[in-house]
Amino acid sequence: MSDPMSDSMSDSMSDSMSDPMSDPTSEQPHTPERTDGSAMPKPEHATPLAVLKTYKLFIGGAFPRSESGRVYEVTDPQGNWLANAPLASRKDARDAVAAARKAFPRWSGATAYNRGQVLYRVAELLQGRRDQFRAEVAAAEGLSKAQARAAVEAAVDRWVWYAGWTDKVTQIAGSSNPVAGPYFNLSSPEPTGVVAVLAPQDSSLLGLVSVLAPVLAGGNTAVLVAGERTPLPALSLAEVLATSDVPAGVVNVLSGRTAELGPPLAAHQDVNAIDLTGAADPALAAELEATAAENLKRVRRPAVDAEDWTADPGTSRLLAFLETKTVWHPMGV
Amino acid sequence: MTAMKFEYAPAPESRSTAAIASSHGLFIDGEFRPAAGGKVFKSIAPASEEVLSEVAHAGADDVHAAVEAARRAFPRWSGLPGAERAKYLFRIARLIQERSRELAVLESLDNGKPIRESRDVDLPLVAAHFFYYAGWADKLPHAGFGPDPKPLGVAGQVIPWNFPLLMLAWKIAPALATGNTVVLKPAETTPLTALRFAEICRQAALPPGVVNIVTGDGTAGAALVEHPGVDKIAFTGSTGVGRRIARTVAGTRKKLTLELGGKAANIVFDDAPLDQAVEGIVNGIFFNQGHVCCAGSRLLVQESVAEELLGALKRRMATLRVGDPLDKNTDVGAINSAAQLARIRELADAGSAEGAERWSPPCELPADGYWFPPTLFTGVTQAHRIAREEIFGPVLSVLTFRTPEEAVAKANNTPYGLSAGIWTEKGSRILWLAGQLRAGVVWSNTFNKFDPTSPFGGYQESGYGREGGRHGLGAYLDV
């Protein structure tokens, strides 16, 4: 990052990315597992047996199982078994916060242009794996093929929308302030830090992207709790993020019980903000908000009415996790 | 040759401009009235312990009446054309300017701050704040919050005692400009200027119920925060109380902004203009007796100039005049209350007990009232309580650093994040450092500057939301 030209022209932050292979907690190779049975070499005999995917958490760029060893059954809306997802623990949540904190200086310190390109590349990779996501979203939410296709396309578009915001939000949220004195006075938005995001329960990919991308676009790092009943698209999105240029730890993905993972994240003293969108139970949302008061976390409450994830997202999620810093400089000769 | 000695003659400001009634009522629905339960408390002058007035103590019934009055006034006030609301606020700004000497004297009496500050800092900023937000009232569609931003309803506002009228202005001006009505609870020890402001609302013919003022202690504030008829809470005060308020509003739809404590680093590099830096350090920690949430209470000085800087700082501190707040030559006034004095003493004693070295200039303190001499501690480590806890008094903790990176690490080693100061001649270093500091306001080669156009507010446990500027409108709009 020392050469400003190469920094501004590059869409890669991989020069000092940690290598997942070197992480003893990861037993995955750097390339993601294949999830598409049809791409496997076909044996001579008929009806080849599909290779199922073991879904894992995503923490600090690695794909560990839950340290607790627990899993839970994920089914489609009809109750058909889809996979065993990791049932993340409080310890997993703490590990994820530590990884997100470690990743914060570099991600928040990257140029806005650089962050924009890195996020745009996520959209490119998501597009490339759209068939997989259509299948996962359709199974998770019980959508038709056409509905699932629309949801995935909208999710890709949403990444693109937020990728384009990185180098513009300062200009709409900042200001030059005409103070009554000989001072140059400038206000600029800055990321608040580590944001815990409880992803929506009703939209496994589009809703997920709609809450995650604005947090990242502003320069924050995230600990994401996937929708409890529909975590598989989130866990697959982690594979997209791992193979994109998003540095390790910038996004950490947990699957499990929202009511179990929410409290340790709301109580964690090294989390700066919490998005309670996925706290669908008002009593849980109120409890988490009260817990978050301990270190004055910024809290985004769940919407009163069901959110329309296809609607124009506006800037409120982007601005919710930004601080305003005002700097005064005297003027004189 | 013997040194010439110039003594200052006393130069007291006259109290006659600020006659004080012997008792004050609550201001609810445009009228002054006693508390429903008849309870009163005394507001005293901290410089003399003289009782200034008896003030009505609002109970839950009174708070309820005030909220109801604000609710009734809301439809008409929010429905007024913005230009009409603007004219009320412009009127208020002008009335404050007209009565600024009276208000400054009253503020210094009730709070204990030097008249030089109430006259030259507080009151000009109060008037400017109303003037600034008056102009926004009919321009809200251009403020960046959408074409037709809506007010929230009734704003419950709880303010501290360190800048009583200025904090009132920070709260009331943007709330009214955006079309909200308000119930404001001044601090228990400094209710008088808020009640004088209520008179100004009447002179401005502000419709009844648009501004209500309920005086009392923390129980009145708690009743306001808990009231279901309140749509928005704005609080300035300690982090401890802010935390309780955040817990109280959890699970409601009340919008909340908090401006809480701080432990600002004031960072001096070896290339800084040291005489200017000394003035900035003094202004940073001894302005308003250090009763300032954004006070530069941790001095981080580069090791190579520490000795020289501390020598100059001590010489400057020896010239500070501590005493009668109404004397125009006074630099440092009275501590606001006995409770605050006890808190300052406790933390200063902890500084000595934990091994830091305490120093104050020779300084004669008045016999009556609450006083604490300007004090600095050297040999402070980051683990000391005086380096971690907000003292909210005229006590400076001095730490040193060698490299800019070390300065950043030490400055950011706090759960707070309200403000910071940088002293260096190197522009690129200022901009780099300003980017690294986790604080909402950064003053470079200056300190403790405020302006209505300039957003103010903290990171982390210094609270959330911004007051001032275009940003300050957002706290009172449904966005």
Go through the atoms of A:P178 and report whether side chain, backbone, both or neither lie under 4.5 Å from a heavy atom of chain B.
both
Interchain contact, A:P302 with chain B, by part (heavy-atom threshold 4.5 Å)
backbone
Side chain, backbone, both or neither of B:L260 within contact of chain A (heavy atoms, under 4.5 Å)
side chain
Are B:F456 and B:W170 an aromatic pair, judged by ring center distance below 6.0 Å?
yes
Please check if the side chain of B:T424 supplies one atom and the backbone of B:A272 the other of a donor-acceptor pair under 3.5 Å.
no
Take the angle between the ring planes of A:W165 and A:W161 and call it parallel below 30°, perpendicular above 60°, tilted in between.
perpendicular
Flag, side chain of B:D478 to backbone of B:K150, donor-acceptor distance under 3.5 Å:
no
Side-chain donor-acceptor pair present, B:N448, B:W443, cut-off under 3.5 Å
no
Under 4.5 Å to a heavy atom of chain B? For A:P191 that would be backbone
Would you call the rings of A:Y183 and A:W328 parallel, tilted or perpendicular, taking 30° and 60° as the class edges?
perpendicular
Going by atom types alone, do A:K102 and A:T221 pair a side-chain donor with an acceptor below 3.5 Å?
no
Top contributor to chain B contacts, counting heavy-atom pairs under 4.5 Å, from A:A273, A:A180, A:A283, A:A285:
A:A180
Heavy atoms only, distances under 4.5 angstrom: which of A:E289, A:Q269, A:E287 has the most pairs with chain B? Name it, please.
A:E289
Check whether B:R243 gets within reach of chain A through its side chain, its backbone, both or neither, counting any heavy atom under 4.5 Å.
both
Among B:G435, B:G242, B:P452, who wins on heavy-atom pairs under 4.5 Å with chain A?
B:G435
Which residue, A:R298, A:E190, A:E323, forms the side-chain hydrogen bond (donor to acceptor under 3.5 Å, both in side chains) with B:Y459?
A:E190
Option that, when pairs with chain A are counted at under 4.5 Å, heavy atom only, ranks first among B:I422, B:I430, B:T248, B:V249:
B:V249
Looking only at B:G468, B:G463, B:G465, most heavy-atom pairs under 4.5 Å shared with chain A are made by B:G463
Chain A interface, residue from B:G469, B:G458, B:G457, B:A128 that has the most non-hydrogen pairs under 4.5 Å
B:G458
Identify which of A:L319, A:V327, A:N185, A:T324 forms the greatest number of heavy-atom pairs closer than 4.5 Å to chain B.
A:T324
Highest number of heavy-atom pairs under 4.5 Å with chain A among B:A246, B:P415, B:S454, B:A434 belongs to B:S454
In this structure, which one of A:V197, A:N272, A:V194, A:V195 forms a side-chain contact (heavy atoms from CB on, under 4.5 Å) with A:N220?
A:V195
So which of B:R438, B:R470, B:R244 has the largest heavy-atom pair count under 4.5 angstrom toward chain A?
B:R438
